[in-house]
Amino acid sequence: MRRADAIADRLGAVGSGNALELRGITKMFGALAAISDVTLTVRPGERRAVLGSNGAGKTTLFNCVTGDFLPTSGTIRLFGEDVTNFPAHERIRRGLRRTYQISLLFGGLSVRDNVYLACRGVSRGRFSLIRPRRGEALMARAEELIEAVHLGDVRDSLVASLSYGQQRQLEIALALAGAPRLILFDEPAAGLSPTERADLVAILTGLPAHIGFIIIEHDMDVALRVAQTVTMMHNGRIFKEGSPEEIENDPEVQELYLGDGSHAHG
Amino acid sequence: MALAADGLQVAPTRVERIPAAYWVVGALLLIMPLLANDFVLFQVFGWTFIMGLIALSLMFLAGYGGMVSLIQMTVAGVAGYMTAILGSSGVEQISLGLPWYVYIPAAIAIATLFGTLVGALAVRTEGIYTIMITLAIGSAFYYFAKQNYGIFNGYTGFNLVVPPDLFGVDWRQPIAFYYLTLGCAVLGYLAVLYVARAPFGLALQGVRDNPRRMAALGFNVTAHRILAYSLASVLAAVGGILLVWQNAQISPGTVGIPVVIDVLVIAVVGGLRHPIGPFIGALIYVLLRTFTPDVLAAFGQSGERYKLLIGLGFLLVVFFSPDGVLGLWERWRARRRRDPLKGAAQ
């Protein structure tokens, strides 16, 4: 009976809500508040950039959303469902994805195995002891993703042997596995060449309309070209929200962020 | 071989891709009873395959899962004890005398359950703490078996535990026992190789390399680690049953701390990167244990000093090749393949 109630709860929540609703999220590290009282709403399919200088709490915010660690206080709703106390893998299975600022990949496995694992992680048979067959649907999907991020030539190489740019591409392929509904990109353009940046922008703008994303990016060219809305963070708090134009032309923002040479990333 | 007419390349079949060296080793192992005497078949090879299987279960956990567990010998011991208790032994007031088709699966199931429970506790810890908690449970089991007379028959343990007379064969005869242990070892080896490339095995390696990322891909990291303990326990349990049959007895000493450590030494000396490593380590261990007492005695030394030799060998391997004998072999092959003039691999 309780199970049926839970399912009814979930069904009732689906589609009614926003993709992501943060209410009063605070994360303390000891006495230090990495983020305090962040309230944020992202609509389904919305593309949002989160800007702010180093230490503004952007990555901490991502870590709270994905469940890498639990917030000290506040609630997180994902597609209407309260996931505040859910472990990371349960949130991922509900359509959340993320990439990491510093690539977190499986260096000892091939590109194909990395992408296959990502596809397997959000489908059934995670514990299967039967080897995948050549024509398996998930394998085919993994191959598509590899092509989509231009890694076809190195599909059998060990990930540890890839160039930095290729590892960043692979990060994105892992985030696109399965049926993502909301993706968190943590500085996807960092360290990429101009050509690779153009590729990245093409991939991001080419995503199907129902897939929303939040992108942390220091490169304004990339961030403002792919985002519909912008959130500025400062000292762990939300400082300003608006369209890319509004943010760019906001005198306070210019003074605080764009003007003082904080373009450098790290 | 198919005809490759008109320059048409025919992809080699699965069987054709197996390197020649494997065929040689396989053939040698199959005809070994023609070459070796009963002592070598039963004592050297039988014991090697058994210790190899138990160390293989550690290699599966440590090599693919990144979890160094010291419980594998105890899991094997639980299976061995269950074989004696549920089957028949010289201790008739305890042994239940159930038929083989009941006590063999039951022994494996109980040992696997035990290993899974220990795993469920151990996976919440990392590194040195995993070693400590598994060692603590292992020594607790040792003392429990030693002091419990109702079920485990205390210090004496069980004698006359022999394999059932299946198909009219006495499986403790050296040749039959050789093939029995060889068969189990090969099955265990192939199973580990197979599972390593199945979704579960890939995910386990992902958990080893990067648990945080695995969670961010939708995997339940804890559940994967616990299932790895279950699978490893099955391997160890089979090894434990064979071990009690080989010795025809089991007592607390079978699962004592020295043996627990020996399993770790075997796996590390052989190499944790590939499932063949534990068997190489086990062969070295068994050869040292079997023959060094005689060699030492010939030099007028106490035969008991073989432990010193094993310890020194372990130190040397850890110093010069942290990835075991297997690592030495791979580096030697890589050097041979290098072009002496150009330096690059051919």
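Chain naming here is simple, since letters A, B, ... match the order of the sequence lines and numbering starts at 1 in each.
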Please check if the number of heavy atoms outside [X] that lie under 6.0 Å from its [atom1] is greater than 12.
| X | atom1 | result |
| --- | --- | --- |
| B:Tyr101 | OH | no |
| A:Arg141 | CZ | yes |
| B:Glu126 | CD | no |
| A:Leu32 | CG | yes |

If you measure from [atom1] on [X] to [atom2] on [Y], what distance do you get to the nearest 0.5 Å?
| X | Y | atom1 | atom2 | result |
| --- | --- | --- | --- | --- |
| B:Arg213 | A:Asp68 | CZ | CG | 10.0 Å |
| B:Thr222 | A:His89 | OG1 | NE2 | 7.5 Å |
| A:Leu129 | B:Tyr194 | CG | OH | 8.5 Å |
| B:Gln205 | A:Leu117 | CD | CG | 8.5 Å |
| B:Leu202 | A:Arg131 | CG | CZ | 9.0 Å |

Among A:Phe127, A:Tyr100, A:Tyr116, single out the residue with the greatest number of heavy-atom pairs under 4.5 Å to chain B.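 Highest number of heavy-atom pairs under 4.5 Å: A:Phe127.
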Under 4.5 Å from any heavy atom of chain A - which part of B:Ala191:
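Neither part.
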Requested in this report: Go through B:Leu204, B:Asn210, B:Asp209 and name the one with the most non-hydrogen pairs under 4.5 angstrom from chain A.
Outcome: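 Ranked by heavy-atom pairs under 4.5 Å with chain A, first place is B:Asn210.
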Problem set entry | Check: B:Pro199 main-chain N/O paired with A:Arg120 side-chain donor or acceptor under 3.5 Å |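 No; judged by distance alone, with no hydrogens or angles, the pair does not exist.
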Notebook entry, point to check: Contact part of A:Glu171 toward chain B, heavy-atom cut-off under 4.5 Å: side chain, backbone, both or neither?
Noted result: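 Contact with chain B: backbone and side chain both.
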**Message:** Report which part of A:Ser128 has an atom under 4.5 Å of a heavy atom belonging to chain B: side chain, backbone, both, or neither.
**Reply:**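 Both parts, backbone and side chain.
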*Less than 4.5 Å apart, any side-chain heavy atom of B:Arg212 and any of A:Asn63?*
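The answer is yes; the side chains approach within 4.5 Å.
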